Structures are given as structure tokens and as C-alpha cells.
Peer 1: 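The structure under discussion is supplied below as C-alpha cells; questions concerning it will follow.
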Amino acid sequence: MEESRTAMSLVCDVLRLLSVTSLGLYVGAMLTEGFVLVPYWRSLPPHEFFRWYAANDQRLLGFFGPLTSATALLAVTAALVSLWEGHPGRWPAVVAAAFSVAAVVTFFLYFRRANASFAAATISADDVALELRRWSAWHWLRTGISCVALAAALLSLWRLG
């Protein structure tokens, strides 16, 4: 019994570590997008921005979609196994999962529509600067949420007690 408990504890530890790793990658990608891509987009004239976004929309979705989904899935899984195991870091793991899910929710609340309007150029050229400011604000909110998730996931690795 003790041997199987040790093996299960190891699996749970690996899941918490994978959650931290994926959150670190996700936060790094979000910071790169915020510090590199968004300023670049804002520097472009509207017609060039629409052309760039239409050409790269599927690449962005193909990169961020799986990364975001895997990150949230790993955080939720780590929280569930931490609760099941009674791990001392279970509550920070639950916080990490909740904030990871909140980051996913922002896509459905704002980004899905905004990104589609950029790719299809359905907003007026005069409104691009305003929409990119709005997009940036939502992005930094999502990045902050993700940083909280990462910090909580890191705390979940500690064995307190």
C-alpha cells in the first residue's frame, strides 16, 4: 500500500510541476505578445495591420489555442489530484486552476470577437487604434491573471507542514 501511495504522490508531484511549467510558458508567451506584437501592431497603419493580422491569424490561434488549453487543463488536473491527495499545496493549486480558467474565459468574453474582426477587417480603419488599445488592456488583464495563476502554482509545489 505504501509503495502505491508513493507512486501516486510522485504522479501528483509531476502534474503540479507540469502545471507550473505550462503556466511559465504561457506567461512568457503572453509577455512576448504584449511587449513585442502589440506595439508592432499599434505602429502599423490600419490597412497594413489588417493585412498582417489576416495573414497570421491562424498561426496565432494555432499557437495560443493549444498552449492556453493545455495550460488550463494541466492546472485543473493538478488542482484535482492535489485535493484528492490532500497535498499541503492543494489550495494554491486550486487558485492556480481558477485563474487559469479565468484566462481562458477572457478569450470567449472578448478576444474571439476582436480577433475575428481584425482578421476579417470588419472594423473601420478609424477605429483600429481604439480597438487595439482595448485589445491591449484586455491582454494585460489576462496576463496579470496568468501571473497570479503561475505564482499560485509555484506555491502549490511547496510541501508545507
Side-chain angles (χ1 to χ4, degrees), residues 1-41 53-120 131-161:
M1 177 67 176
E2 182 63 32
E3 189 174 303
S4 67
R5 180 73 182 142
T6 303
M8 186 52 72
S9 291
L10 178 61
V11 168
C12 294
D13 287 344
V14 168
L15 282 168
R16 280 185 292 276
L17 185 60
L18 287 172
S19 176
V20 167
T21 302
S22 67
L23 275 161
L25 290 169
Y26 182 66
V27 167
M30 299 293 288
L31 289 170
T32 300
E33 187 175 37
F35 284 122
V36 177
L37 283 180
V38 175
Y40 172 67
W41 295 341
Y53 206 92
N56 293 285
D57 176 52
Q58 289 305 305
R59 285 185 190 98
L60 291 170
L61 189 57
F63 174 76
F64 279 103
L67 179 60
T68 304
S69 299
T71 297
L73 181 62
L74 282 166
V76 168
T77 303
L80 291 174
V81 300
S82 294
L83 285 168
W84 175 78
E85 182 187 28
H87 186 270
R90 65 189 172 275
W91 299 117
V94 168
V95 169
F99 276 81
S100 295
V101 169
V104 171
V105 168
T106 64
F107 176 79
F108 298 101
L109 289 176
Y110 173 75
F111 291 102
R112 179 173 51 182
R113 180 201 55 79
N115 295 349
S117 73
F118 292 156
E131 193 59 37
L132 280 173
R133 262 195 305 278
R134 186 178 296 122
W135 197 99
S136 180
W138 273 91
H139 176 76
W140 287 114
L141 172 67
R142 180 174 58 176
T143 302
I145 289 169
S146 302
C147 287
V148 171
L150 175 58
L154 284 165
L155 285 173
S156 77
L157 292 177
W158 291 358
R159 294 208 179 262
L160 309 171

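From a predicted model like this one, the values you see are computed outputs, not experimental measurements.
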Peer 1: Report yes if the side chains of His139 and Met30 come closer than 4.5 Å at any heavy-atom pair, otherwise no.
Peer 2: yes
Peer 1: Can you name the salt bridge (charged side-chain N to carboxylate O under 4.0 Å, His left out) partners of Arg113, sequence neighbours left out?
Peer 2: Glu131
Peer 1: How would you list, by chain and number, every residue that makes a ring-ring contact (aromatic ring centres under 6.0 Å, His included) with Trp91, sequence neighbours excluded?
Peer 2: none
Peer 1: What do the steps show when you test Leu83 against Val94 for side-chain contact (heavy atoms from CB on, under 4.5 Å), and what is the final call?
Peer 2: CA-CA 8 Å; Leu83 285 168; Val94 168; 3.7 Å; yes
Peer 1: Could you give all pairs that pass the salt bridge (Lys or Arg N to Asp or Glu O under 4.0 Å) test and reach residues 61-70, with sequence neighbours left out?
Peer 2: none
Peer 1: Answer whether the closest heavy-atom distance between the side chains of Val76 and Val101 falls below 4.5 Å.
Peer 2: yes
Peer 1: Mind checking side-chain contact (heavy atoms from CB on, under 4.5 Å) for Thr68 and listing every partner two or more places apart, or none if nothing turns up?
Peer 2: Tyr26, Phe64, Val104
Peer 1: Could you pull out all residues at least two apart from Ser22 that satisfy side chain to side chain donor-acceptor pair (under 3.5 Å)?
Peer 2: none
Peer 1: What heavy-atom pair brings Ala79 and Ala97 nearest, and what distance separates the two atoms?
Peer 2: CB-CB, 3.8 Å
Peer 1: What verdict does the side-chain contact (heavy atoms from CB on, under 4.5 Å) test give for Leu31 and Thr143, after you've listed the backbone C-alpha separation in whole Å, the side-chain angles of each residue and the deciding distance to 0.1 Å?
Peer 2: CA-CA 7 Å; Leu31 289 170; Thr143 302; 3.8 Å; yes
Peer 1: Side chains of Leu150 and Val20: does their closest heavy-atom pair fall under 4.5 Å?
Peer 2: yes
Peer 1: Can you name the residues that form a side-chain contact (heavy atoms from CB on, under 4.5 Å) with Leu18, not counting sequence neighbours?
Peer 2: Val14, Leu74
Peer 1: Would you say the side chain of Val81 lies within less than 4.5 Å of the side chain of His87, judging by non-hydrogen atoms?
Peer 2: no
Peer 1: Output every pair passing salt bridge (Lys or Arg N to Asp or Glu O under 4.0 Å) with a member in residues 135-153, not counting sequence neighbours, ordered by first then second residue.
Peer 2: Glu33-Arg142
Peer 1: About how many Å separate CG of Leu37 and OG of Ser136, when rounded to the nearest 0.5 Å?
Peer 2: 11.5 Å
Peer 1: Quick check: do Glu85 and Ser9 have side-chain heavy atoms less than 4.5 Å from each other?
Peer 2: yes
Peer 1: I'd like to know if the side chain of Ser156 and the backbone of Ala153 have a donor-acceptor N/O pair within less than 3.5 Å.
Peer 2: yes
Peer 1: Do Ser19 side-chain atoms and Leu15 backbone N/O form a donor-acceptor pair below 3.5 Å?
Peer 2: no
Peer 1: Can you list the residues that meet the side chain to side chain donor-acceptor pair (under 3.5 Å) rule with Trp135, with sequence neighbours excluded?
Peer 2: Asn115
Peer 1: According to side chain to side chain donor-acceptor pair (under 3.5 Å), who are the partners of Asp57, at least two apart in sequence or on a separate chain?
Peer 2: none
Peer 1: Roughly how far apart are Leu23 CG and Ser100 OG, rounded to 0.5 Å?
Peer 2: 4.0 Å
Peer 1: Restricting to non-hydrogen atoms, name the atom on Val27 and the atom on Cys147 that form the minimum distance, rounded to 0.1 Å.
Peer 2: CG1-SG, 3.8 Å
Peer 1: Does Val148 have any side-chain contact (heavy atoms from CB on, under 4.5 Å) partners at least two apart in sequence or in another chain, and if so, which?
Peer 2: Phe99
Peer 1: How far does CH2 of Trp41 sit from OH of Tyr53, to the nearest 0.5 angstrom?
Peer 2: 5.0 Å
Peer 1: Listing request: all side-chain hydrogen bond (donor to acceptor under 3.5 Å, both in side chains) pairs with a residue in residues 71-82, at least two apart in sequence or in separate chains.
Peer 2: Arg16-Ser82
Peer 1: Quick one: ring-ring contact (aromatic ring centres under 6.0 Å, His included) partners of Phe35, sequence neighbours excluded?
Peer 2: Trp140
